[in-house]
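Below is one structure, written out as structure tokens, with a few remarks after it.
Values reported hereafter were calculated over all heavy atoms of this structure, with side chains retained and with hydrogens, waters and symmetry mates removed. Residue numbers start from 1 in every chain, and the chains themselves are labelled A, B, ... in the order their sequence lines are given, proteins ahead of strands. This is a predicted model, so every value here is computed, not measured.
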2 protein chains.
Amino acid sequence: MSIRKSKQPRIRRTPEESRANILSSAERLLTEQGPQTLRLADVAKEAGVANATVLHHFGTIDGVHTALMERMIAELVEKVMAIELTEDTEVSRAQALTTLFEAFEQKQASKLAAWLELTHQAGRLTNVRQVVRDVTRTKFHHQNVPEDVVEDVMLVCITLALGVGLFGQTLSEMLGKPPSRAKEMALSVLMLGLRQLEAERKS
Amino acid sequence: MSIRKSKQPRIRRTPEESRANILSSAERLLTEQGPQTLRLADVAKEAGVANATVLHHFGTIDGVHTALMERMIAELVEKVMAIELTEDTEVSRAQALTTLFEAFEQKQASKLAAWLELTHQAGRLTNVRQVVRDVTRTKFHHQNVPEDVVEDVMLVCITLALGVGLFGQTLSEMLGKPPSRAKEMALSVLMLGLRQLEAERKS
DNA sequence: TTTCTTATCGACATTTTTGTCAGTAGCGCT
DNA sequence: AGCGCTACTGACAAAAATGTCGATAAGAAA
């Protein structure tokens, strides 16, 4: 009558692999189930390991949170830095903006940012300014625009990309529209608005 | 040697007052400390009552969460509905937009929205579509623009207002700029972009 | 004053979540 | 094969969070 619980053989990973496995599971939980589910038992179950294994690699559940944040931040920064903006044309800009918006929505970066903001951990993003400056210099160096103006533009682009990434889909669907509508509208308005802003500045 | 713990006389409120007191405390915790601190003991302590008192009025801690969400939503809707847009002028629009942005940042509505989004409770906002439709009809009835276009515009405005409300201040300060810079930039871009969009539509 | 209602509370019980520890088992190395 | 290292695990302990219950007291009404 007893059900045989065929015990799986242990999987022994390298520490790096194991950490990556656990963090990937945690990231999945964060984005699909929300921050509440980032509990020890949940993470361990999602990763297919014992609770003690998670603690073995990260010390505490908070260690998991910290490591997850840092991993997601690093990935996002890498993605943003990879955006190409070789020419100063409308098309090139539109592409860059689209890529930026997608970077913030694809890897759930907006959810990460919201989590950091809500938990007052935004201070973790100490390198944001440096990244923005690097982008300003490396991507916009050929444009004859003052650097602080470029920074203002990037500020508004990032803010809007975050807003769209976090709320765009839900809001669009609430209004009975296709889920990408908010993003499309935001991109249109942003492109047109920035063009006008530049025109005004030149006069 | 024993320290006399002068026991306070009980405060006996009406059920409505007591609920309001508890919810206000919870709201303070949500916006100032983050959602993690919306625990029974934290809420009770902030409200200055015993844990059991909170449960007496709300049943469970989840009941507190639900009631808090509903209260904040109602307050926000009221604020948005109160926005005036009597004329179809640039100035009038700018004022309305500014008011909208402020509504989303003042009462921490963006944090509420982010909380709902992260916890997959956005479905609670069932009346968003109705509110948008009401606003479309009551505020824009005198403008000769199709209703679905107005809805698209409101979609982008709300999305951006949320983004600015949630991330604007932090991002601005990260880049070493005054905290309202993101909002100002967003408003500028939004006004210019919408004007252009309208111009394009007319041609 | 006395009575009645019920908001309030402290103490306790239950459940949930985190963390500890001693032993087990993969895997490389000799 | 035998050995050493350590990733891994289950069982248990500790802590934290939620919820229950009977008693108390504030205020209204008789």
Between side-chain atoms of residues 47-58 of chain B and protein atoms elsewhere (two or more places apart, or another chain), which donor-acceptor pairs fall under 3.5 Å?
from	atom 1	to	atom 2	distance (Å)
B/H57	NE2	B/S18	OG	3.1

For this session: Given side-chain hydrogen bond (donor to acceptor under 3.5 Å, both in side chains), test B/D134 with B/Q130 step by step and report yes or no.
Result: CA-CA 6 Å; B/D134 287 353; B/Q130 196 53 50; 3.2 Å; yes
Seminar exercise, completed: Scoring nucleotides 24-30 of chain D by protein non-hydrogen atoms under 4.0 Å (B base, S sugar-phosphate only, - none) yields BBB----
Exercise. Between B/R39 and B/A52, which is nearer to the 5' end of DNA chain D once each is assigned its nearest nucleotide?
Worked result: B/R39
Exercise. Under 4.0 angstrom, heavy atoms only, what part of the nucleic acid is B/S18 near: base, sugar-phosphate, or nothing?
Worked result: sugar-phosphate
For this session: Mind running a 4.0 Å heavy-atom check of residues 57-66 of chain A against DNA chain D and sending the residues that fall below it, in number order?
Result: A/H57
Exercise. Are B/R133 and B/E147 close enough, and set up right, to give a salt bridge (Lys or Arg N to Asp or Glu O under 4.0 Å), and what steps lead you there?
Worked result: CA-CA 9 Å; B/R133 293 208 158 161; B/E147 284 191 352; over 6 Å; no
Exercise. Donor-acceptor pair, A/K79 side chain versus A/L100 backbone, under 3.5 Å?
Worked result: no
For this session: Would you kindly give the CZ-to-C1' distance between B/R13 and C/dC9, to the nearest whole Å?
Result: 13 Å
For this session: Could you tell me whether the phosphate oxygens of C/dT8, OP1 or OP2, come under 4.0 Å of any side-chain nitrogen or oxygen in B/H56?
Result: no
Exercise. Whole Å only: how far is the CG atom of A/L40 from the P atom of C/dT20?
Worked result: 11 Å
Exercise. Could you give the CG-to-P distance, from B/N51 to C/dA7, as a whole number of Å?
Worked result: 18 Å
Exercise. What's the CD1-C1' distance between A/I22 and D/dC8, to the nearest Å?
Worked result: 10 Å
For this session: Could you tell me whether the side chain of B/K111 and the main chain of B/T31 form a donor-acceptor pair under 3.5 Å?
Result: yes
Exercise. Do we see a donor-acceptor contact under 3.5 Å between the side chains of A/T37 and A/R28?
Worked result: no
For this session: Nearest whole angstrom, please: distance from the P of C/dT18 to the NZ of A/K45.
Result: 15 Å
Exercise. Heavy-atom distance under 4.5 Å between the side chains of A/P146 and A/R201, does that happen here?
Worked result: yes
Exercise. Below 4.0 angstrom from OP1 or OP2 of D/dA7, is there any side-chain N or O of A/T53?
Worked result: no
Problem set entry | Beyond-backbone contact of B/L194 with B/C157, side-chain heavy atoms, under 4.5 angstrom | yes
Exercise. What is the distance, rounded to the nearest whole Å, between atom CG of B/L55 and atom C1' of C/dG10?
Worked result: 14 Å
Problem set entry | Exceeds 12 heavy-atom contacts within 6.0 angstrom, atom CD of B/E200 | yes
